[in-house]
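Computed from a predicted structure; not experimentally measured. Numbered from 1 within each chain, the chains take letters A, B, ... in sequence-line order.
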Protein chains: 2
Amino acid sequence: MRPTEIPEIRALALFRDMSDDQFEALMRAAYVQTLPPGIELFHEGDRPDFLHVVVEGSVELFAEWSGHETTMQIVQPVATIILAATLRDAPFLMSARTLERSHIVLVPSDDVRQVFASDGAFARAVVGELAGCYRSMVKAQKDLKLRSSTERLANWILRQDGIADRAGPITIDLEKRKLASLLGMTPENLSRALNRLADHGVVVEGKELQASDLPALRRFARPTPLIDQHDI
Amino acid sequence: MRPTEIPEIRALALFRDMSDDQFEALMRAAYVQTLPPGIELFHEGDRPDFLHVVVEGSVELFAEWSGHETTMQIVQPVATIILAATLRDAPFLMSARTLERSHIVLVPSDDVRQVFASDGAFARAVVGELAGCYRSMVKAQKDLKLRSSTERLANWILRQDGIADRAGPITIDLEKRKLASLLGMTPENLSRALNRLADHGVVVEGKELQASDLPALRRFARPTPLIDQHDI
DNA sequence: CCGGTCAATTGATATTTATCAAGAGGCTAG
DNA sequence: CTAGCCTCTTGATAAATATCAATTGACCGG
């Protein structure tokens, strides 16, 4: 494991408050994998042998049923992947694959569970993390059940960093079909939804996107902190 | 607080392994409310002053946006309600109301957070509970994104206790319009979906429902443990 | 530089789901 | 017992979304 990655991981809220001893115990058997895009880290139904931490790149969590597939979440650095399954020693409910060249730290699940059982600070940090994951899922479900596809897209745009700066366009840094799947629609529908948002000042050219009339977009999207604010 | 309710709460996985002292500290300031149907316990956006435990009756968790409302979950005894908000001291993302005459135990949030910070066994139990809540939400989202409304209904039926006994019909013990909202459809659509399932042996009369051809219903519903099994 | 591959878009159409309207049946308060 | 209310159901229609097909355009390897 490269020494440069250790401080990054240590800085995560999950590991910040635990004792040095315990952290070292966790990292002793951990190792880094550098993976090209499109590699499947694990598949739903698998048992969690390792806790995965995305240090660089990005990872898609997706789920399948009856021949369909849907994107559930995109995990950006630095973050852990599905802690819940690891702690419960229960099968993954989602699969994971790299979207770009990525560095993934693998921490043996047994070690995580052992440190979890003996280090109170770590246990409390885990609760904070899990509560956040749960609340994100609640927000996602409200988004899906209460909004139309175009409304979901409009609010997604408003949630993007930098969209409020009138400096210039932002970049959609994932494939549009992944975005469509994440938002619960087809790629064709995403194209049409983007066209519909042109009436509210959204200008798209390839992967560049600009909201030229933010008040109009907000009037249409009607964002609420109880769905759209990620840090509460 | 009635002494008869204390053992029931103590038996919950969440409180089972904590010390007697800590449990008593939690229960000292707790009290029971007996409420008629239709009472709102709290509203999304409120701050969690109490951890709510449903001891008898049932409670609906719902969310609103832009004049619409959707049922997110029905909580049956004995279970806690949205532990995540209490622990994070963050605003509720969902509202709660009683569906029938219910007994609710209210435990002051400060006490919960204090015991959580000092009792490792409780902290670990909380993690188990939260991980379970998170996984339930993941399953619900997979259900929503991967299945049609009729498929969701068919799988909901298969998940009901007693549906596999050929003994007789089960009772749908909530209003059909709540069920429709829970499954992410309109009441009209639920009526039609039930009619469509008649082709697969589902017989409905009022609140009585029987699956007369279970293999046929399973062929249509294609249940999978990774969405439909609640205890993994 | 060219050809192939694949994501994105657009159009046409089908399916699913929601909405609106009306009527049937059951429950309850008076 | 009955009037009124409310849920559920059914039918007709509208809107949203998905599917299928074809084309465009960008990127990549040879």
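- Between H68(A) atom NE2 and dT16(C) atom P there is a gap of 11 Å when expressed in whole angstrom units.
- Contacts between residues 147-160 of chain A and DNA chain D, defined by a heavy-atom separation under 4.0 Å, are made by S148(A), S149(A).
- Considering only residues two or more places apart in sequence or on other chains, E69(B) meets the salt bridge (charged side-chain N to carboxylate O under 4.0 Å, His left out) condition with R97(B).
- When the ring pair (Phe, Tyr, Trp, His ring centres under 6.0 Å) test is applied to F92(A), the partners found at least two apart in sequence or on another chain are F42(A).
- How far CD1 of I74(B) is from OG of S58(B): 6.5 Å, rounded to the nearest 0.5 Å.
- Heavy atoms of E175(B) sit under 4.0 angstrom from primed sugar atoms or phosphate atoms, though from no base atom.
- An OP1 or OP2 oxygen of dT17(C) is reached within less than 4.0 angstrom by no side-chain nitrogen or oxygen of T186(B).
- Scanning DNA chain D 5' to 3' for nucleotides with an atom closer than 4.0 angstrom to a non-hydrogen atom of chain B gives a first and last hit of dT7(D) to dA12(D).
- With rounding to the nearest 0.5 Å, the separation of CG in L35(B) from CD in E40(B) is 12.0 Å.
- Here the C1' atom of nucleotide dT10(C) and the CZ atom of R177(A) are 18 Å apart, to the nearest Å.
- Remark: E151(A) pairs with no residue by the salt bridge (charged side-chain N to carboxylate O under 4.0 Å, His left out) rule, at least two apart or across chains.
- Legend: residues meeting side chain to side chain contact (heavy atoms under 4.5 Å, CB included) with D228(A), ordered by chain and number and at least two apart, are R147(A), N155(A), R159(A), P223(A), T224(A).
- Position along DNA chain D of the nearest nucleotide to G184(A) versus K178(B) favours K178(B) as the more 5'-ward residue.
- The shortest side-chain heavy-atom distance between I81(B) and V53(B) does not fall under the 4.5 Å cut-off.
- One can place CG of L174(A) at 13 Å from C1' of dA7(C), the figure rounded to the nearest angstrom.
- Residues passing the side chain to side chain contact (heavy atoms under 4.5 Å, CB included) test with A79(B), sequence neighbours excluded: V75(B).
- Remark: A84(B) engages A131(A), Y134(A), R135(A), L130(B) in a side chain to side chain contact (heavy atoms under 4.5 Å, CB included) (not counting sequence neighbours).
- Side chains of D143(B) and Q141(B): a donor-acceptor N/O pair is absent below 3.5 angstrom, by distance only.
- Within residues 190-199 of chain B, the residues approaching DNA chain D are S191(B), R192(B), N195(B), by heavy-atom distance under 4.0 Å.
- Listed by chain and number, the residues in a side chain to side chain contact (heavy atoms under 4.5 Å, CB included) with T171(B) are K207(B), E208(B) (sequence neighbours excluded).
- Listed pair N189(B) / dT17(C) fails the phosphate criterion, with no side-chain N or O lying under 4.0 Å from OP1 or OP2.
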For residues 174-182 of chain A, run the donor-acceptor check on the side chains, cut-off 3.5 Å, and write out each pair with its distance to 0.1 Å, sequence neighbours left out.
from	atom 1	to	atom 2	distance (Å)
K176(A)	NZ	G206(A)	O	2.9
K178(A)	NZ	E60(A)	OE1	3.1
K178(A)	NZ	E60(A)	OE2	3.4
S181(A)	OG	T71(A)	N	2.7
S181(A)	OG	T71(A)	OG1	3.4

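- Over its length, the helix from dC1(C)-dG30(D) to dG30(C)-dC1(D) turns its helix axis by 40°, as judged from the five terminal pairs at each end, rounded to 10°.
- To the nearest 0.5 angstrom, T150(B) atom OG1 is 8.5 Å from H200(B) atom NE2.
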